[in-house]
Protein chains: 2
Amino acid sequence: MTPVNLKSLAEQLHLSIATVSRALRDSHEVSEATKVRVRALATALNYEPNAYASSLRRNVSKTIGVVIPKVANHFFALAINGIEEAARQSGYHVLIYLTHDDYAREVAIVQHLKGGRVDGLLMSVASGTEDFAHIKSLKDTNLPIVFFDRVCAEVATAKVTTNDYESGYQATEHLIQSGCRTIAHLLISNNLSIGQFRQQGYLDALTAHGLPPDPDLVLNGVMDNEQNVVLIRELLQRRPDIDGIFASVERLAISAYHVCKELGRRIPEDIKIIGFSNLEAASLLDPPLSTITQPAYDIGREAAKILIRAVEKKKDILPSQSLVLNSELFQRRSTAAG
Amino acid sequence: MTPVNLKSLAEQLHLSIATVSRALRDSHEVSEATKVRVRALATALNYEPNAYASSLRRNVSKTIGVVIPKVANHFFALAINGIEEAARQSGYHVLIYLTHDDYAREVAIVQHLKGGRVDGLLMSVASGTEDFAHIKSLKDTNLPIVFFDRVCAEVATAKVTTNDYESGYQATEHLIQSGCRTIAHLLISNNLSIGQFRQQGYLDALTAHGLPPDPDLVLNGVMDNEQNVVLIRELLQRRPDIDGIFASVERLAISAYHVCKELGRRIPEDIKIIGFSNLEAASLLDPPLSTITQPAYDIGREAAKILIRAVEKKKDILPSQSLVLNSELFQRRSTAAG
DNA sequence: TTGTAAGCGTTATCAG
DNA sequence: CTGATAACGCTTACAA
């Protein structure tokens, strides 16, 4: 089967390659008559331009990369959904890379992306990442980057986040107003910026309501959920006075549910729980889980829009283009006052 | 900033482009000494080969495409996870396309992929797709395709699925053995092959246990979840004798939960429910949901492996390479015998 | 062991 | 309006 490319089209039409190319791109310097002829044959033969030749020549790939920790997580899945939507509307393709929250993988992926495979990058950094040299060096190649949710403070570019400080404050205040006095905070390990904001909101809410912050009540979760169950169990057994839990991550809230069931602690009578979550079934849990829900789809879509706009205009992305969207607190039975 | 490519490296090293290229690909026809020099400069300058130039020249993109209905669904998210893992291990990149179960989008995506952007394709067809001409025509371009879960029977290639007939049979039998006599089946609209298999399993299990199949008890769900709630509500009100529900799709099981809560039907006392689902929180629902759980991660990984193997060997993919993995039935309180 | 040069399919520049 | 031709960056015969 002879390949369908500009050359073969040109031969069959007795035209030059250049003219065929121009006709297909609807250039104004081609007669309507030839355009019709060209288009007719092209569709008849199912011609589709070779993306790589075009990318090589124009130095533009119409592709954006998405680097995220994981996809089996409703937040990131929804974000991808928003990203894909924005990309599709502008004719962009989406390459997905998963870091599994592993620093080494993130570095390898980022290095690979220097090959010009993508016109821009959307990124949510791995929780294991503490050194951002790899990202900075990528930025130095002039590749536009937009961070979303898990941002890298040290790189000057746009970031799309949610009001994490306020959410942490609200969640904690909500627990206090529901009657909690000893509130634990479960967050993901290390130095993710979002964790810090949520933690600060938690601390400030406690102080504002005259409750003394206690470092013993703050639990740094780990990657492994089994391990988190162990840690949470230890915490609840060591501190039977805990009557409220604020989980900064969905899976820690889920683990807390499992531990409470196991230890026979009733929710919300003995312990009230609220957590960040995009779980659709939150209202069907036993008991329904109060959540702080991030607008994940919008985060993805807006981040992609900012990126694509910059790519098309070949302009640098400024930190001032950052966006902060608001999360929403859904009050359900897991924090019912009692 | 002068670009880092083979040419600039060659100039700085006073070597030819060819030698540099060969050195970096670790060709045996380059002296160890030069290899060392070349590699040193390459890493120092953070050289990364231009993916498009390489793809164009070698007619290989090291990229696979994934076309799925949606990503905000734990099944597909896990599948992507498996796909990405297999791809990463073989040095492949993953392009994601979402059809949103829309036929027109699927056609547009498939047409676009004829541009040679991907070396192979993994696909789970849209529920709205009834005509497969677009897929056949893609196959005619010799692009290797592997279907997973929602397969297209009319295209001769490998398919990775689960034992849907047996699962439908088991789920229904499980309801019968738990005491149900009037069992409804909620499935997704139209002619998806997997829906048909599950439906057949349902019918055969009924017959095998002396229960007459009743078309009135089979509900074809639609895209919109709100609408599904309405349909399920109507069904349960029209047929108050229904005492068991088998949902072929997770979101229909979830909708059924909502309707039961709303109508005051107790699960499992009044109605027992079992559904296909990859929901991690199934055991925390009220009541915990009995599920048929597909090995989504493995499905994705195995499908990707078959595809990549074929791509690397430039061999056609045969239907005989198809794989059927087993789903697992998790018995929980929603189907407790009463 | 190294260099020269053709060519992948497209787009852009320059003539005609 | 159309055609010839030179890139884009890389790989790979073929020469040296």
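In this text the structure is predicted, and so the values were computed from the model without any measurement. Each chain gets a letter, A, B and so on, in the order its sequence line appears, and its residues count up from 1.
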>> For a quick check, with a 4.0 angstrom heavy-atom cut-off, what is the B/S/- contact string for nucleotides 9-16 of chain C, read 5' to 3'?
In response: BBBBB---
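Checked against side-chain hydrogen bond (donor to acceptor under 3.5 Å, both in side chains), B/Gln12 has no partners two or more places apart in sequence or in another chain. In this structure A/Asp131 satisfies the salt bridge (charged side-chain N to carboxylate O under 4.0 Å, His left out) test with no other residue, sequence neighbours excluded.
Computed from coordinates, the B/Leu15 CG to D/dA16 C1' distance equals 16 Å when rounded to whole Å. Note: CD (A/Glu11) to P (D/dT2) measures 18 Å, nearest angstrom. Atoms NE2 (B/His14) and P (C/dG3) sit 11 Å apart, rounded to a whole Å. In this structure, A/Arg117 atom CZ and D/dC8 atom P are separated by 21 Å, rounded to whole Å. Distance NZ (A/Lys35) to P (D/dT2): 10 Å, rounded to an integer number of Å. Between the C1' atom of D/dC1 and the CG atom of A/Asp26 lies a distance of 15 Å, rounded to the nearest Å. Regarding B/Asn59, its CG atom lies at a distance of 15 Å from the C1' atom of D/dT12, rounded to whole Å.
Across all strands, A/Ser55 comes closer than 4.0 Å to no nucleic acid atom at all (heavy-atom distances).
Using a 4.5 Å heavy-atom cutoff, the side chains of A/Arg309 and A/Lys315 are not in contact.
An OP1 or OP2 oxygen of D/dT2 is reached within less than 4.0 angstrom by no side-chain nitrogen or oxygen of A/Thr19.
Between B/Asp26 and B/Lys35 there is a salt bridge, since at least one side-chain N of the basic residue sits less than 4.0 Å from a carboxylate O of the acidic one. Under a 4.0 Å N-O distance rule, the pair A/Arg37/A/Glu32 does not qualify as a salt bridge. The existence of a salt bridge linking B/Arg150 and B/Asp101 is confirmed by a sub-4.0 Å separation between a basic side-chain nitrogen and an acidic carboxylate oxygen.
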